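In what follows, a single structure is set out as structure tokens and then discussed.
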Amino acid sequence: MLSPSAANAPAPASADAPAGSDAAARDDRPWLASYPPGMPADIDVGQYRSLAALIEDSFRENAGRVAYHFMGRAIRYAEADRVSLRLAAYFQSLGLEKGDRVALMMPNVPQYPVAVAAALRAGLVVVNVNPLYTPRELRHQLHDSGARAIVLLENFGATLAECIGQTAVRHVVLCALGDMLGFWKGLLVNQVVRRVKKLVPPFALPGAVRFGDALRRGARARFAPPDIGPDDLALLQYTGGTTGVAKGAMLLHRNLVANTLQAAAWYAPAMRKVPAGAQSVAVCILPLYHIFAFNINMMLGLRNGGAMIMIPNPRDLDAVLAELKGHTFHVFTAVNTLFNGLLRHKDFDTVAWKHVVLSGGGGSAVQAPVAKAWLERTGCPIVEGYGLSETSPVVSCNPTDSDAFTATIGLPLPSTRVALLDDDGRRVPTGEPGEIAVHGPQVMAGYWQQPVETAKAMTADGYFRTGDIGTMDARGYFRIVDRKKDMILVSGFNVYPNEIEDVAAGCPGVRECAVVGVPDDQTGEAVKLVVVRQDPALTDRQVLDFCKQHLTGYKRPRIVEFRESLPKTPIGKVLRRALRDKA
């Protein structure tokens with residue numbers, strides 16, 4: 001494992017010094033003057049030795065409280081504690097040892113946070129997997145991470161069955177949607193999912209163990225708590241980073257603990273508006289396998305002793321609003337696409353939005369018209385933030401006591417330093433654009449088994465170079481103005497042209513191709529594929545169908561354009577910028 005350097009690096013460089021120079025001793029954080037009253041400049045990262053310690057403290061202190069609302073059932077902290085401990089014992093009974101990787105491939109169902117708690121308590125490393133991955137995408141992530149076990153919803157068993165033989169996975173735990181809904185309701189839900197809606201394609205996974213059986217075996221096994229420290233690896237969060245090659249960002253226990261505490265401090269002004277004596281309730285509509293929901297919904301909720309309303313399918317807005325009608329909740333986090341989709345839905349006003357004290361936006365830029373409409377309809381402004389998988393994720397956020405939308409990404413969180421660098425690594429003057437570089441206890445240890453890529457992404461003194469171009473105003477507020485990389489942002493998910501091009505180039509009849517992002521009212525950006533045909537009879541439908549076989553939904557091209565040639569540099573490199581400009 002690469003040694004983590006971010007937390008122990010010196011303070012940022014002065015305005016006219018390279019990020020790695022000795023002039024970095026000065027604490028230059030002009031944004032501190034814009035902090036809300038009482039906001040600390042720094043947090044105590046030593047409050048918890050590990051995420052496991054945070055989870056266990058929360059289970060103990062909040063045993064009688066509701067942890068998760070799911071499909072009409074309230075699951076209390078005490079049950080989550082008991083079930084996760086049994087699953088942790090089961091993991092150990094398989095011979096899994098501290099540091100082994102366990103993949104989780106589930107939407108927002110209670111088994112997901114239970115499996116996270118179980119893996120972390122057993123000293124294992126969580127590998128988050130998008131459940132909509134194709135076999136090709138899943139195979140890469142399982143192979144690269146070296147995961148020895150996987151916990152997944154049975155709906156995606158067919159995907160795993162196609163590629164498991166090419167991975168190191170030897171243990172499979174199969175979950176069903178109704179596993180934690182009680183016997184009769186669970187039985188009914190599972191029958192509807194399997195036989196009525198037919199959402200579980202046939203598959204064969206010899207040796208797979210059902211979730212309930214794993215718990216029963218775990219109840220008979222002995223759990224031996226491992227010694228878990230702040231510098232132990234907790235999570236591999238896969239991302240294209242700055243290159244588009246899928247890499248696992250190594251997030252240590254201290255990285256995730258630090259960002260949870262940073263977010264807790266930053267959210268405090270808003271959370272003080274929750275009525276005295278009431279448990280805070282948050283809606284988790286973003287997928288928990290995404291780092292935003294993982295830490296800001298799940299871990300922060302645990303730390304605060306809050307309840308989480310779990311939404312398994314955010315695309316079904318009818319079901320989302322029907323579920324929310326039955327709850328009083330205080331925190332709602334989403335991406336621009338979801339805010340916009342909900343606002344346009346006929347049932348939006350049937351939900352009691354008046355109790356919301358914090359509407360958090362991230363993942364992609366929140367559009368000003370959407371933010372304006374959200375404030376008018378709910379009375380709660382969208383507080384936009386910024387972060388990445390490599391930063392656990394939050395770097396900056398607007399003050400949560402704001403009464404208006406700022407169209408900025410706000411101020412760096414406590415204990416966070418942000419520098420704007422030119423191509424030579426020197427800080428740019430205030431107001432000038434530069435590459436956003438981040439330093440703080442939430443910055444990853446590096447990319448899993450990718451020392452070269454890690455070296456490219458980090459400065460000598462522990463700043464992570466994000467590839468995003470930003471500016472800072474005199475008050476310390478940051479704004480994103482461009483991207484240094486060719487990444488496309490679709491509904492808050494990073495899409496990397498290299499991957500799409502590699503897949504599309506394998507389509508029979510394609511001679512060469514290139515991918516760019518184009519504006520889209522619904523998703524922010526959409527993927528456009530420009531193709532030079534080898535076979536003149538090739539159609540856009542054939543190309544789209546081929547991509548559908550190999551790419552998950554948000555990565556698939558929405559538009560296919562055929563051309564006689566692609567614009568290129570004198571050495572033959574495709575000029576994506578020329579394609580974007582034309583689009």
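Remember, it's a predicted structure, so these values are computed and weren't measured experimentally. What you see below is based on every heavy atom in this structure, not just the backbone, and it leaves out hydrogens, waters and symmetry mates.
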Between [X] and [Y], do the side chains contain an N or O donor and an N or O acceptor separated by less than 3.5 Å?
X	Y	result
Tyr554	Asn494	no
Asp318	His345	yes
Asn128	Gln237	yes
Asn259	Thr391	no
Ser58	Asn62	yes
Arg139	Thr167	no
Ser359	Trp374	yes

Considering all heavy atoms, the nearest [X]-[Y] contact:
X	Y	answer
Leu177	Val193	CD2-CG2, 3.7 Å
Thr159	Pro135	CG2-N, 3.6 Å
Pro202	Ala158	O-CB, 3.8 Å
Gln92	Pro226	NE2-CD, 4.2 Å
Pro441	Ala258	CB-CB, 3.7 Å
Leu51	His253	N-ND1, 3.1 Å

Around atom [atom1] of [X], are there more than 12 heavy atoms from other residues, nucleotides or ligands closer than 6.0 Å?
X	atom1	answer
Arg315	CZ	no
Lys185	NZ	yes
Glu97	CD	no

Does the pair [X]/[Y] count as a salt bridge with the N-to-O cut at 4.0 Å?
X	Y	result
Asp57	Arg303	no
Glu376	Lys372	yes
Glu79	Arg73	yes
Asp213	Arg217	no
Glu499	Arg136	yes

Practice task
In sequence, state the C-alpha distance, the side-chain angles, and the governing distance for Lys197 and Val192, and then conclude on side-chain contact (heavy atoms from CB on, under 4.5 Å).
Solution key: CA-CA 6 Å; Lys197 295 189 176 182; Val192 170; 4.2 Å; yes
Closer than 3.5 angstrom, by distance alone: can the side chain of [X] be matched with the main-chain N or O of [Y] as a donor-acceptor pair?
X	Y	result
Gln111	Ala176	yes
Asn190	Gly178	yes
Arg377	Leu375	no
Asp520	Thr523	yes
Glu384	Asn398	no
Thr400	Trp266	yes
Glu525	Leu489	yes
Asn255	Leu252	yes
Asn295	Ser392	yes
Asn336	Gln367	yes

Exercise for the section: Using the side-chain contact (heavy atoms from CB on, under 4.5 Å) rule, take Arg121 and Leu85 through it: C-alpha gap first, then chi angles, then the decisive distance, then the call. Expected result: CA-CA 8 Å; Arg121 295 172 88 172; Leu85 199 59; 3.7 Å; yes
Does any part of the side chain of [Y], heavy atoms only, come nearer than 4.5 Å to the side chain of [X], both counted from C-beta?
X	Y	result
Met180	Phe211	yes
Val351	Phe332	no
Phe156	Pro201	no
Ile55	Phe59	yes
Val151	Cys175	yes
Val126	Leu104	yes
Leu256	Met299	no
Gln442	Val394	no

Handout entry: Reference residue Val102; test side chain to side chain contact (heavy atoms under 4.5 Å, CB included); the match among Leu124, Ile150, Val169
Key = Leu124
Would you compute the distance between atom [atom1] of [X] and atom [atom2] of [Y] and round it to the nearest 0.5 angstrom?
X	Y	atom1	atom2	answer
Trp448	Leu251	CH2	CG	12.5 Å
Met308	Phe70	CE	CZ	11.0 Å
Tyr48	Ile228	OH	CD1	15.5 Å
Leu187	Asp179	CG	CG	11.0 Å
Ser93	His171	OG	NE2	9.0 Å
His290	Asn108	NE2	CG	12.0 Å

Practice task
List in chain and number order the residues that pass side-chain contact (heavy atoms from CB on, under 4.5 Å) with Gln141, two or more places apart in sequence or in another chain; answer none if no residue qualifies.
Solution key: Val127, Val129, Tyr133, Tyr238
Completion exercise
Sorted by chain and residue number, the side-chain contact (heavy atoms from CB on, under 4.5 Å) partners of His327 (sequence neighbours excluded) come out as His69, Ile309, Glu323, Phe329
Exercise for the section: Check the pair Arg101 / Arg148 against side-chain contact (heavy atoms from CB on, under 4.5 Å), numbers first and verdict last. Expected result: CA-CA 6 Å; Arg101 275 76 64 203; Arg148 294 184 57 199; over 6 Å; no
Exercise for the section: Quick one: do Thr552 and Glu137 satisfy side-chain contact (heavy atoms from CB on, under 4.5 Å)? Show the steps, please. Expected result: CA-CA 8 Å; Thr552 195; Glu137 294 164 319; 3.7 Å; yes
Problem - Phe348 and Trp353 aromatic ring geometry - parallel, tilted or perpendicular at 30°/60° bounds - result: parallel
Exercise for the section: Give the ring-plane orientation class for Tyr68 versus Tyr77, where under 30° counts as parallel, over 60° as perpendicular and anything between as tilted. Expected result: parallel
Handout entry: Residues which pass side chain to side chain donor-acceptor pair (under 3.5 Å) with Asp227, listed by chain and number, not counting sequence neighbours
Key = Arg49
Problem - Check: His550 ring centre within less than 6.0 Å of Phe546 ring centre - result: yes
